[in-house]
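Take a look at the structure set out below.
Predicted model only: the values in this text are computed from it and were never measured.
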Amino acid sequence: MSYRVFLLAALASAACACSAAPGQPAVDSEVIAPNKVVDFAVLYATNCAGCHGPNGSGGAAIGLADPVYLAIADDATIRRIAANGVQGTGMPAFAQSAGGLLTDEQVDVLVHGMRARWATPNRLAGADVPPYVAPAPGSPARGADVYARYCASCHGVAGRGGDRAGSIVDAAFLGLVSDQGLRTTVIVGRRELGAPDWRENVPGTPLTPEDVSDVVAWLAAQRPRHMRPDLQSRHAAESFVGGGMQ
């Protein structure tokens with residue numbers, strides 16, 4: 001056998017030994033079990049982006065990359081929502097302990113990754129920031145005046161929609177959002193939808209913490225009466241609402 005023929009035979013033999021059968025992974029490939037994935041980008045894209053948007057930009061639910069949201073919602077709050085979900089809404093439980101698919105470590109990767117990538121330290125330094133959770137119930141009567149001053153220019157008289165924004169008293173909408181969800185949106189806004197945060201509805205005149213509580217109380221009072229008891233009990237038990245984190 002000539003040297004050239006011998007070399008070709010050796011190469012062919014090596015190729016056959018190293019290649020996998022059709023449909024099988026390569027011999028040197030490594031398959032990572034789903035519960036061992038700890039890459040934030042993979043976990044976020046797989047579990048969160050469908051509602052909260054690519055890179056936390058927002059979508060069906062609030063944008064998690066919003067630095068105002070990350071300034072008012074601490075890690076314990078975000079972790080609780082991600083792990084346990086929100087019963088009766090579009091926000092599922094992701095932790096295995098609550099029936100989801102993610103380990104505690106993976107939930108922590110998501111929480112810490114959001115903070116590390118998207119939070120802006122001192123973003124709200126010097127601002128009178130309304131607290132994430134209302135310290136006391138607001139007044140619907142005062143809230144009607146707050147709504148007229150800060151919200152009606154976009155959402156229309158009585159919240160039924162205007163030229164720049166839709167209705168926020170629609171029964172279908174209010175049936176899916178708790179008081180905490182309303183409060184979070186009033187404080188944080190939805191920049192991807194053109195809704196400003198609590199400081200920018202009226203330039204130079206931010207909503208006070210009391211204003212936020214009052215306008216949320218007014219919005220909650222617009223729910224159809226038969227919806228209120230269930231939502232109140234849900235709010236008391238969970239203090240957040242689905243479609244995503246609030």
CA sep, side-chain torsions, deciding dist, call: Arg164, Ser153, side-chain contact (heavy atoms from CB on, under 4.5 Å): CA-CA 8 Å; Arg164 291 188 286 177; Ser153 61; 3.6 Å; yes
Taking all non-hydrogen atoms of both residues, which atom of [X] and which atom of [Y] are closest, and how far apart?
X      : Y      : value
Asp170 : Ala172 : OD2-N, 3.0 Å
Ala119 : Pro121 : O-CD, 3.6 Å
Ala71  : Leu124 : CB-CD1, 3.5 Å
Ala171 : Pro224 : CB-CG, 3.6 Å
Ser57  : Pro54  : OG-O, 2.8 Å

N/O donor-acceptor pair under 3.5 Å between [X] side chain and [Y] backbone:
X      : Y      : value
Arg190 : Gly59  : yes
Thr120 : Arg123 : no
Gln222 : Leu174 : no
Asp214 : Asp211 : no
Thr77  : Ala73  : no
His155 : Arg160 : no

Should [X] and [Y] be counted in the same cluster of Ile, Leu, Val, Met, Phe, Trp and Tyr side chains packed under 4.5 Å apart?
X      : Y      : result
Leu43  : Ile32  : yes
Val133 : Ile78  : yes
Val38  : Val107 : yes
Val42  : Leu101 : no
Leu176 : Leu193 : no

Candidate pair Arg79 and Asp104, rule salt bridge (Lys or Arg N to Asp or Glu O under 4.0 Å), full reasoning: CA-CA 10 Å; Arg79 192 186 195 290; Asp104 290 343; 3.8 Å; yes
Short side-chain donor-acceptor distance under 3.5 Å, Arg183 and Ser213: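 Yes, side-chain donor-acceptor contact under 3.5 Å.
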So for atom [atom1], which belongs to [X], do other residues, nucleotides or ligands contribute more than 12 heavy atoms lying within a distance under 6.0 Å?
X      : atom1 : result
Asn55  : CG    : no
Glu192 : CD    : yes
Arg115 : CZ    : yes

Could you tell me if the side chain of [Y] sits less than 4.5 Å from the side chain of [X], heavy atoms only?
X      : Y      : value
Trp198 : Val129 : yes
Tyr44  : Leu64  : yes
Ile168 : Tyr147 : yes
Tyr150 : Asp145 : no
Phe94  : Gln106 : no
Pro206 : Glu200 : no
His112 : Asp75  : yes
Pro130 : Leu207 : no

Val109 and Met114: CA distance, side-chain angles, deciding distance, side-chain contact (heavy atoms from CB on, under 4.5 Å) verdict: CA-CA 8 Å; Val109 167; Met114 292 174 199; over 6 Å; no
CA sep, side-chain torsions, deciding dist, call: Trp118, Phe40, ring pair (Phe, Tyr, Trp, His ring centres under 6.0 Å): CA-CA 12 Å; Trp118 299 330; Phe40 171 80; 5.7 Å; yes
Nearest-0.5 Å distance, SG of residue Cys151 to CG of residue Asn201: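 Taking SG in Cys151 and CG in Asn201, the distance rounds to 5.5 Å.
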Spacing of CD1 belonging to Ile72 relative to CD1 belonging to Ile187, to within rounding of 0.5 Å: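 Rounded to the nearest 0.5 Å, the CD1-CD1 separation comes to 4.5 Å.
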Verdict with supporting geometry, Asp197 and Arg191, salt bridge (Lys or Arg N to Asp or Glu O under 4.0 Å): CA-CA 8 Å; Asp197 65 36; Arg191 291 192 176 277; 3.2 Å; yes
Asp179 bridged to Arg223 by N-O distance under 4.0 Å: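 Salt bridge flag = yes for Arg223 with Asp179.
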Residues Val37, Thr46; criterion side-chain contact (heavy atoms from CB on, under 4.5 Å); working and verdict: CA-CA 11 Å; Val37 175; Thr46 303; over 6 Å; no
